[in-house]
Chemist: 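After the structure tokens below, expect a handful of questions from me.
Only heavy atoms go into these numbers, but all of them, side chains included; no hydrogens, no water, no symmetry mates. Per chain, numbering begins at 1; letters A, B, ... match sequence-line order. None of the values given here were measured: they were computed from a predicted structure.
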Number of protein chains: 2
Amino acid sequence: MRVTIKDVAEKAQVSVTTVSMAMGSPGRIAEATRERVLKVAEEMGYRPNMLVRGMQKGQTMSVGVLMNFSGDSFEGRIFQGVHHTLVDAGYVPIALMPNDRAPALSQIHSLLDRRVDGILMRPTGEAKWEEHLHEALRRHVPVVSVDSETVGESGKSERQIDFVGTDDYLGGKIAATKMLEAGHRRLAVLSMGDETDPMYQRCKGFVDTLKTVADTTCEVVDLSWEYVHSESPELAMKLLGSESRPTGVFLTMDMIAPGVYRAAASLGLNLPDDLSVIGFADEAVAHYLTPSLSTLRQHPREIGQHGAELLLKRIEMFRKSKKTPVFERTIKLLEPTWVERDSVTAPPA
Amino acid sequence: MRVTIKDVAEKAQVSVTTVSMAMGSPGRIAEATRERVLKVAEEMGYRPNMLVRGMQKGQTMSVGVLMNFSGDSFEGRIFQGVHHTLVDAGYVPIALMPNDRAPALSQIHSLLDRRVDGILMRPTGEAKWEEHLHEALRRHVPVVSVDSETVGESGKSERQIDFVGTDDYLGGKIAATKMLEAGHRRLAVLSMGDETDPMYQRCKGFVDTLKTVADTTCEVVDLSWEYVHSESPELAMKLLGSESRPTGVFLTMDMIAPGVYRAAASLGLNLPDDLSVIGFADEAVAHYLTPSLSTLRQHPREIGQHGAELLLKRIEMFRKSKKTPVFERTIKLLEPTWVERDSVTAPPA
DNA sequence: CTGAAAGCGCTTACAG
DNA sequence: CTGAAAGCGCTTACAG
């Protein structure tokens, strides 16, 4: 049988109360007794039962982490940040990935039934998270979203769900500034998705910044997702084919860069002399392209870390109040970093 | 407050015993009563407390998963297989990655304290797992290892730890067969690592197979890890530079292929006409090389799946016996799949 | 400084 | 078919 606190108490000739206090409440027990008890516990190979502790104190020291765990390195690094922060604080992550066979709601119930102290999630496009998460909030369990926001049916972000992600708007702004500094005045953006997608903010940051400078033009080309996946260079050809083509283009995702490079090549344009390009995300491809792509790097590990820290703070806050407290959601946006490579130069004379 | 079984009992005008049985022991309670109770529970938003259940029944329906979660796709796919199998069976994975700040032993204690029903791990080179895992076995918790085996201090694999991985020896055998079929008789292997590394078995499978055929030679070149990481083509140059160079070479890792390709190019050798090459692992690089690299593909998702299934079986088995049962470890090796590309052809005349 | 007792939210023999 | 009571392994007021 497993050794319990009672076994330790008998062997050490004290009460279970004393053993319990010796382990959990420093200062309540005479140092001599305490050391003896601890030594006996150690010798017997005693290990506390956190289930019981969790049940009594209402804190299991575990949190649910809802992600895809698909093995892409971006998400892997988010999880690393989350994991290290949690483990350092004595918590443990229960890792679940919602999918067809195990939808988000059942996963969340599974976590709630195990009395996790909080839930951290990276929402994916399709899932209807919002209603499920209210289930958690209602039960006094805080939720934090990382990388992409949870958006409710109303199209608005959820009020009680904190968020940590990349400052996409700032990223667009940085891209615009770099283009302007290089001397470009005739620009374009290739973007896609709707307001809820990060590409939208990147595009907006770029466009808004250009608006503040006189004699600057910017054409916004909205790519469909099919376009992106097909990698067909058609749209890029149209954009680049005319006489009044831009001298610099901002891609709100690195992934579309290969298509644009191909389009430029087939039109006889030299990169970066005839066309400067800036991407976003710093994917592996950015490094391999010729010329290598200047882009903006996100910080997944830090996103995970800050997300977990925020969650731990909320757990603390929830613990202190009996009911689910009312609070303003915290939004933390991390600055993307400019990665200078070879795809930006002065515009052609 | 959270609604408990007692609240449900009061509202439904029955005892807690009846509520408990209505939920957990079908058949013990009259169908009419049962339905009424279940309905009340549902209306009140009752959710069972699995901590209590776990404490009483000695099964928490959770298992510890020890991996790197570094975001590489191979490991990601292993975890997917593990996750789906566990979730389908009602279990939940607690995902921990041992590292400097949180060493394996403390992670394992963390899992044991939370009374996981089993532990599944993908061991990494450095960690001293074996002694820690005895801690688990001693406490009646089964352990399964996937992808690479746990090796004890004696250098032998642990007896009580089941293993699911790739049949590396068979992979080497397949590579040899393909080379022989293409007509090669003068061969070489580039390998590295010691007996505990999978590359060793791949190499052995290749060499052993060639031995069964007359008039066949095979030079084994043992690369150091520094060599592999530096990607310096020196050793490959030496191998390929002589008159009696092999006409076909088996690489026990795809990762070293780029270096070999470069060495061949600098010696003016045409691939695959002057030299046939076979890799192992089917990494992304295998697809991008010119000529694309024929290789052997592993099945990480299936490895994870079978590993989890095996663990669930062991949990069942452990549950039935009071003490940790004595048993022969199960070893399940999955066949790698031959991926035919363009790097193998007949030897030069 | 230490201990007896109640209680956390369930399950499970054992009665009725 | 249903319920009162004991018990799982701890923690925490409350006494002494």
Chemist: When you get a sec, tell me which of D:dT12, D:dC1, C:dG9 is the closest nucleotide to the side chain of B:Ala30?
Modeler: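 Of D:dT12, D:dC1, C:dG9, D:dC1 is nearest to the side chain of B:Ala30.
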
Chemist: Please give, in whole Å, the distance from C:dT2 C1' to A:Glu10 CD?
Modeler: 17 Å

Chemist: Please check the phosphate of D:dG3 (OP1 and OP2 only) for any side-chain N or O of B:Ser15 closer than 4.0 Å.
Modeler: yes

Chemist: Let me spell it out: for each of A:Thr18 and B:Gly24, pick the nucleotide of DNA chain C with the closest heavy atom. Which residue's pick is nearer the 5' end?
Modeler: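 Per heavy-atom nearest nucleotide, the more 5' residue is A:Thr18.
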
Chemist: Strictly distance-based, threshold 3.5 Å: is any side-chain N or O of A:Gln305 a donor or acceptor partner for the main-chain N or O of A:Thr85?
Modeler: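 No, because the side chain of A:Gln305 does not come within donor-acceptor range (under 3.5 Å) of the backbone of A:Thr85.
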
Chemist: Could B:Glu42 and B:Lys39 be called an ion pair, given the rule that one side-chain N must be under 4.0 Å from one carboxylate O?
Modeler: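 Answer for the salt bridge query: no.
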
Chemist: Can you tell whether the side chains of A:Glu149 and A:Arg329 come within less than 4.0 Å, N to carboxylate O?
Modeler: yes

Chemist: In this structure, how many angstroms lie between the C1' atom of C:dT12 and the CE atom of B:Met23, rounded?
Modeler: 17 Å

Chemist: Should the pair B:Arg34-B:Glu31 be classified as a salt bridge under the 4.0 Å nitrogen-to-oxygen rule?
Modeler: yes

Chemist: Between A:Arg47 and B:Ile29, name the one whose nearest nucleotide on DNA chain D is closer to the 5' end.
Modeler: B:Ile29

Chemist: Roughly how many Å is it from CG in A:Asp7 to P in D:dC8, rounded to a whole number?
Modeler: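 A:Asp7 atom CG is separated from D:dC8 atom P by 11 Å.
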
Chemist: Check step by step if side-chain hydrogen bond (donor to acceptor under 3.5 Å, both in side chains) holds for B:Thr17 and B:Ser20.
Modeler: CA-CA 5 Å; B:Thr17 306; B:Ser20 175; over 6 Å; no

Chemist: Tell me which residues in residues 51-63 of chain B put a heavy atom below 4.0 Å from DNA chain D, sorted by number, or none.
Modeler: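 Close to the strand are B:Met55, B:Gln56.
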
Chemist: Of all the heavy-atom pairs spanning A:Asp117 and A:Gln59, show the shortest one and how long it is.
Modeler: OD1-CA, 3.3 Å

Chemist: Report the nucleotide, chosen from D:dT12, C:dT2, C:dG9, that has the shortest atom-to-atom distance to any side-chain atom of A:Thr33.
Modeler: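 Of the candidates, C:dT2 comes closest.
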
Chemist: Separation of B:Arg28 atom CZ from C:dT12 atom C1', in whole Å?
Modeler: 9 Å

Chemist: In whole angstrom, what separates A:Arg36's CZ from C:dC1's P?
Modeler: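 To the nearest whole Å, that distance equals 15 Å.
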
Chemist: Going by an N to O cut-off under 4.0 Å, is there a salt bridge joining A:Glu135 and A:Arg139?
Modeler: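 Salt bridge between A:Glu135 and A:Arg139, a charged N being under 4.0 Å from a carboxylate O: yes.
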
Chemist: Only Watson-Crick and G-U wobble pairs with both distances less than 3.5 Å should count. Give DNA chain D in dot-bracket notation, marking inter-strand partners with |.
Modeler: |||.||||||||.|||

Chemist: Look at all strands and tell whether A:Thr17 reaches a base, only sugar-phosphate, or nothing, counting heavy atoms closer than 4.0 Å.
Modeler: base

Chemist: So does A:Ser20 get a side-chain nitrogen or oxygen closer than 4.0 Å to the phosphate oxygens (OP1/OP2) of D:dT11?
Modeler: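 Looking at the OP1 and OP2 atoms of D:dT11, one of them is under 4.0 Å from a side-chain N or O of A:Ser20.
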
Chemist: To the nearest angstrom, how far is B:Met21 atom CE from D:dC1 atom C1'?
Modeler: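 About 11 Å, once rounded to whole Å.
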
Chemist: Does the cation-pi check pass for A:Arg314 over A:Phe327, that is, NZ or CZ under 6.0 Å from the six-membered ring centre and within 45° of its axis?
Modeler: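 That pair qualifies as a cation-pi contact.
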
Chemist: Would you name the heavy atoms of A:Val19 and A:Val14 that are closest together and state the gap between them?
Modeler: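 Minimum heavy-atom separation between A:Val19 and A:Val14: CG2-CG2, 3.8 Å.
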
Chemist: If you assign each of B:Lys6 and A:Gln13 to its closest nucleotide in DNA chain C, which residue comes earlier from the 5' end?
Modeler: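 First, find each residue's nearest nucleotide; the 5'-ward one identifies A:Gln13.
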
Chemist: From CG of A:Asn49 over to P of C:dG9, roughly how many Å is that when rounded to an integer?
Modeler: 16 Å

Chemist: Heavy atoms only: give me the nearest A:Asp147-A:Ile78 pair and the separation to one decimal.
Modeler: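 Closest approach of A:Asp147 to A:Ile78: CB-CD1, 4.0 Å.
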
Chemist: Roughly, in whole Å, what's the span from CD1 in A:Ile5 to P in D:dG9?
Modeler: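 Taking atom P of D:dG9 as the reference, CD1 of A:Ile5 is at 11 Å.
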
